[in-house]
Amino acid sequence: MAHKFQSTSEAMTEPEDKFCRMFVRFPMTRTENKQDNLHRLEQHLIENFHSLIEKKGYLYTESLEIGVAKNPGYDENGEQNGRFMDFYYMLEVEQKPNAIWKDVFDSVCDLIVHFRKLGGNAIPACDYEEEIYRKIGTDPQIKLYPSATQEQGLH
């Protein structure tokens with residue numbers, strides 16, 4: 001899955017901590033069954049990303065190990081208001097041993113771009129999120145850092 005990204009003017013330094021949590025808004029109708037919703041997201045990822053396999057509750061690519069979970073902080077009203085920490089799904093992404101950092105970084109960017117193209121989104125929370133945004137840009141529809149006034153509903 002090759003995407004065209006913005007080039008960065010400076011070389012990215014490999015971070016010490018490569019773990020990345022992503023808050024995901026996936027455009028599908030959810031059911032009351034939490035496990036069914038998670039399984040449907042996992043199946044979507046398996047069907048749409050080359051060399052992605054499922055094993056013992058995790059998804060794997062050549063460079064990533066991905067855990068799929070319901071976001072424990074999910075708030076339906078928050079998600080509807082565009083607050084990313086309230087998105088229903090959460091991906092926990094880790095670098096596989098011996099994976100090349102550039103491949104890890106590019107795969108994380110690919111995941112985010114994929115959800116955006118579907119009309120959803122994935123917001124990274126990791127030590128290298130600024131580098132991700134330099135490469136793929138930000139989504140203006142998402143409140144990354146809502147001000148106190150916005151949080152209180154006092155537009």
Side-chain angles (χ1 to χ4, degrees), residues 1-6 8 12 15 17-96 99 101-147 150-151 153:
M1 164 174 302
H3 293 291
K4 302 273 186 209
F5 295 112
Q6 302 174 39
T8 55
M12 186 176 94
D17 183 3
K18 297 169 187 88
F19 174 81
C20 189
R21 178 170 286 135
M22 287 188 213
F23 297 92
V24 176
R25 183 178 60 214
F26 180 60
M28 76 171 181
T29 305
R30 290 188 296 267
T31 67
E32 295 296 317
N33 182 328
K34 178 180 112 174
Q35 286 307 113
D36 182 50
N37 294 328
L38 295 175
H39 179 71
R40 287 168 48 201
L41 177 56
E42 288 171 351
Q43 283 305 119
H44 172 81
L45 290 170
I46 290 168
E47 292 167 7
N48 288 279
F49 282 87
H50 58 71
S51 72
L52 192 103
I53 59 166
E54 181 179 14
K55 189 177 187 181
K56 295 185 180 181
Y58 287 90
L59 302 174
Y60 295 91
T61 68
E62 291 178 12
S63 58
L64 301 178
E65 177 180 304
I66 305 168
V68 179
K70 180 180 180 282
N71 176 8
Y74 170 71
D75 171 13
E76 187 171 321
N77 293 324
E79 182 177 24
Q80 292 171 354
N81 292 322
R83 294 192 316 239
F84 76 93
M85 291 185 74
D86 296 323
F87 287 1
Y88 187 83
Y89 300 99
M90 186 172 63
L91 300 182
E92 294 189 333
V93 181
E94 296 195 59
Q95 177 176 357
K96 284 176 63 177
W101 168 241
K102 182 187 178 319
D103 295 341
V104 171
F105 181 76
D106 288 345
S107 294
V108 168
C109 291
D110 283 348
L111 279 169
I112 296 167
V113 169
H114 176 77
F115 286 113
R116 287 181 181 180
K117 285 183 174 182
L118 291 174
N121 208 336
I123 304 296
C126 52
D127 286 352
Y128 50 96
E129 63 193 61
E130 289 181 18
E131 288 83 0
I132 292 170
Y133 289 130
R134 272 197 287 276
K135 185 170 183 175
I136 66 173
T138 58
D139 184 339
Q141 300 298 313
I142 301 300
K143 299 173 187 169
L144 295 175
Y145 304 102
S147 69
Q150 289 171 321
E151 281 294 304

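Any value given below was found using the heavy atoms of this structure, including those in side chains, with hydrogens, waters and symmetry copies removed.
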May I ask you to check whether over 12 heavy atoms, not counting those of [X], lie within 6.0 Å of atom [atom1]?
{"X": "Glu92", "atom1": "CD", "answer": "yes"}
{"X": "Gln43", "atom1": "CD", "answer": "yes"}
{"X": "Tyr58", "atom1": "OH", "answer": "no"}
{"X": "Lys102", "atom1": "NZ", "answer": "no"}

Once rounded to the nearest 0.5 Å, what's the spacing between atom [atom1] of [X] and atom [atom2] of [Y]?
{"X": "Glu94", "Y": "Arg21", "atom1": "CD", "atom2": "CZ", "value": "10.0 Å"}
{"X": "Thr61", "Y": "Leu111", "atom1": "OG1", "atom2": "CG", "value": "8.0 Å"}
{"X": "Glu54", "Y": "Leu45", "atom1": "CD", "atom2": "CG", "value": "10.5 Å"}
{"X": "Asp110", "Y": "Phe49", "atom1": "CG", "atom2": "CZ", "value": "6.5 Å"}
{"X": "Lys70", "Y": "Gln35", "atom1": "NZ", "atom2": "CD", "value": "11.5 Å"}
{"X": "Phe115", "Y": "Leu91", "atom1": "CZ", "atom2": "CG", "value": "5.5 Å"}

Do the non-hydrogen side-chain atoms of [X] and [Y] ever get within less than 4.5 Å of each other?
{"X": "Ser107", "Y": "Glu62", "answer": "no"}
{"X": "Arg25", "Y": "Ile123", "answer": "no"}
{"X": "Ile132", "Y": "Cys126", "answer": "yes"}

Please walk me through it: do Arg40 and Phe26 pass side chain to side chain contact (heavy atoms under 4.5 Å, CB included)?
CA-CA 10 Å; Arg40 287 168 48 201; Phe26 180 60; 5.7 Å; no
Minimum heavy-atom separation for [X] to [Y], with atom names?
{"X": "Pro124", "Y": "Met22", "result": "CA-CG, 4.2 Å"}
{"X": "Asp103", "Y": "Ser63", "result": "O-OG, 3.6 Å"}
{"X": "Cys20", "Y": "Val108", "result": "SG-CG1, 4.5 Å"}
{"X": "His114", "Y": "Asn48", "result": "CE1-CB, 3.8 Å"}
{"X": "Asn71", "Y": "Phe87", "result": "ND2-O, 2.9 Å"}
{"X": "Lys18", "Y": "Tyr128", "result": "O-OH, 3.0 Å"}

Show your reasoning for whether side chain to side chain contact (heavy atoms under 4.5 Å, CB included) applies to Lys96 and Val104.
CA-CA 8 Å; Lys96 284 176 63 177; Val104 171; over 6 Å; no
Just jot down the ring-ring contact (aromatic ring centres under 6.0 Å, His included) partners of His39, sequence neighbours excluded, or say none.
none
Could you go through the side chain to side chain contact (heavy atoms under 4.5 Å, CB included) check for Asp127 and Phe19 one step at a time?
CA-CA 8 Å; Asp127 286 352; Phe19 174 81; over 6 Å; no
